[in-house]
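Numbering of residues begins at 1 and proceeds along the displayed sequence. The structure displayed is predicted, hence computed values, not measured ones.
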Amino acid sequence: NTRRVVKNRSSDELVALPDLTDARLIMGQRLLELLIPATYQAQPTLFPLVVFLLVRTSIKHGINASSCDAFACYGLLLSAAFGKFDEGEEMARTVERLLSKPGMQRIESRSTYILEGFIRHWTCPVLISRDLLLQGYQIGLETGDVESAAFNISLRCCNSWFAYHPLAELQKEFEASVKALVQLNQRSHERNLQAYLLVVRRLRNLDSKAETEVGFEELMKSEKEPSVNVFHTVKLMQLELCVLFREWEGALFCLTEAPDIRTKFLGTYASVRVTFLEALVYLKASTSTTSSWPKRRKWKRKAIKSIKILHGWMKNGNPNVRHYMHILMAERALLDGYWRKAENHFSAAITFAENCGFLHDKALSHDLASACYGAQGKEVTANFHFQSSQRTYMEWGATAKVETQYIYYNSS
């Protein structure tokens, strides 16, 4: 019903809706607006109902600052939940036009992090959001909306991690952001970002594996009531490390501990990254010789399910997942015994990752390709991909990975 009501109106018609002047209705919409962050994090099934109600009341009674939140979150749902990327982008453009109206400044920081952190990455390269999220952070500070400022700076840091950015620069950015979040008393965001910082320090070989694990444990124990959000962020970062260091059993354990991890990051680029990582881990688990045949079959079904989700996003125009798909199709081809097909997909993954700026994923592609060629006894080609992976990881600044990879390659 909500989609039909909105779809029958163009962006021009939505922007031209009359201003809401009824104080009672304005207060009601404001209360719905305040419910949105809480339902997104704690009651995901309630989140769309609140958004739909706020959208319908805005269309029926008129526009005010809360309407920006309504249409922004509706765009989030269109993109993330329904795969309607173009319609989500149309909602984002509508919100941008609404923000130019008088009286909308208080919602600008909040709208910025929803548009740039939850909607735009479905149709645009993820890294382009960095400057706009920094701007949203500054607007939040100016308007006193410190919660939205914290969301903006946190999402900026996360997108910097998922899209390629040198680790030394990431560490400086993360440390400065953590300091800012502490000053703003935004402890949940600060702890989430500390998890990313632990991974950066581990990859740069500034912390040992044991020190990193202790750091993760301390983050999850840092509240009297454990934060669900912090727990899933820690699991995502542990999953990242396990995949980068090719610790497939550890990666599978992370997924079994947090089976709903993707839904906890609904709309963000983290949900896209999780979908790729879980598909890759499940494919690796389905080749494990230590698992029974029913379990291997179960992992393969889970992998195929995640691959289908990624394929749908790619088909709908997401520019950030094509290299993911080629990596996964290469691993699936290996699982089915199609070596030549796997080689072609690895080659395509390397090309797309480089062209789109995902150099750390280019390194991962070379790493996996090296194992593929090594298993076939093609030592020259395997060594080429190994050396290419080493150079790219070193360019990223992941010295711990380079050292571990060198030891693993020379011992196999």
Which donor-acceptor pairs under 3.5 Å do the side chains of residues 174-183 make with protein atoms, sequence neighbours left out?
| residue | atom | partner | partner atom | Å |
| --- | --- | --- | --- | --- |
| E175 | OE2 | Q171 | NE2 | 3.1 |
| S177 | OG | E173 | O | 2.8 |

Got a sec: does the [atom1] of [X] have more than 12 other heavy atoms crowding it under 6.0 Å?
{"X": "Q105", "atom1": "CD", "value": "no"}
{"X": "K341", "atom1": "NZ", "value": "no"}
{"X": "H311", "atom1": "NE2", "value": "no"}

Whether the [X] and [Y] side chains hold a donor-acceptor pair (N or O, under 3.5 Å, no angle test) is what I'd like checked.
{"X": "S129", "Y": "R120", "result": "no"}
{"X": "E190", "Y": "Q186", "result": "no"}
{"X": "R130", "Y": "S160", "result": "yes"}
{"X": "T233", "Y": "N192", "result": "yes"}
{"X": "S109", "Y": "D145", "result": "no"}
{"X": "E33", "Y": "S66", "result": "yes"}
{"X": "S58", "Y": "S67", "result": "yes"}
{"X": "R56", "Y": "T2", "result": "yes"}
{"X": "S154", "Y": "H189", "result": "yes"}

Treating [X] as the side-chain partner and [Y] as the backbone partner, does any N or O pair qualify as donor plus acceptor under 3.5 Å?
{"X": "T399", "Y": "R204", "value": "yes"}
{"X": "T57", "Y": "L54", "value": "yes"}
{"X": "Y338", "Y": "A330", "value": "no"}
{"X": "R9", "Y": "V5", "value": "yes"}
{"X": "K378", "Y": "S370", "value": "no"}
{"X": "D367", "Y": "F386", "value": "no"}
{"X": "E211", "Y": "S208", "value": "yes"}
{"X": "E13", "Y": "S10", "value": "yes"}
{"X": "K401", "Y": "L244", "value": "yes"}
{"X": "T381", "Y": "Y373", "value": "no"}

Run the side-chain hydrogen bond (donor to acceptor under 3.5 Å, both in side chains) test on R97 and T94 for me, step by step, so that the C-alpha distance in whole Å, both residues' side-chain angles and the decisive distance to 0.1 Å come before the verdict. CA-CA 5 Å; R97 295 176 65 186; T94 299; over 6 Å; no
With under 30° as parallel and over 60° as perpendicular, where do the rings of [X] and [Y] fit, or are they tilted in between?
{"X": "F162", "Y": "Y196", "value": "perpendicular"}
{"X": "F358", "Y": "Y324", "value": "tilted"}
{"X": "F265", "Y": "H232", "value": "perpendicular"}
{"X": "H345", "Y": "H326", "value": "tilted"}

Test side-chain contact (heavy atoms from CB on, under 4.5 Å) applied to Y137 and N152, T112, L155, the passing residue: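 With Y137 as partner, side-chain contact (heavy atoms from CB on, under 4.5 Å) holds for just one option, N152.
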Any salt bridge linking [X] with [Y]? Criterion: basic side-chain nitrogen under 4.0 Å from a carboxylate oxygen.
{"X": "R340", "Y": "E343", "answer": "yes"}
{"X": "R30", "Y": "D69", "answer": "no"}
{"X": "R93", "Y": "E89", "answer": "yes"}
{"X": "R202", "Y": "D207", "answer": "no"}
{"X": "E240", "Y": "R273", "answer": "yes"}

Exactly one of E249, E278, E331, E247 should register a salt bridge (Lys or Arg N to Asp or Glu O under 4.0 Å) with K284. Which one does?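 Looking at E249, E278, E331, E247, the match for K284 under the salt bridge (Lys or Arg N to Asp or Glu O under 4.0 Å) is E331.
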F118-Y40 aromatic ring centre distance below 6.0 Å: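 Judged by ring-centre distance (under 6.0 Å), F118 and Y40 do meet the cut-off.
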I'd like to check L184 versus L141 (side-chain heavy atoms, cut-off strictly below 4.5 Å). Are they in contact?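 They are in contact (side-chain heavy atoms under 4.5 Å apart), so the answer is yes.
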Between K264 and N229, is any pair of side-chain heavy atoms under 4.5 Å apart?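 Result no, sub-4.5 Å side-chain heavy-atom pair not found.
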Go through W161 and W396 one step at a time and tell me if the ring pair (Phe, Tyr, Trp, His ring centres under 6.0 Å) criterion holds. CA-CA 11 Å; W161 163 261; W396 190 31; 5.6 Å; yes
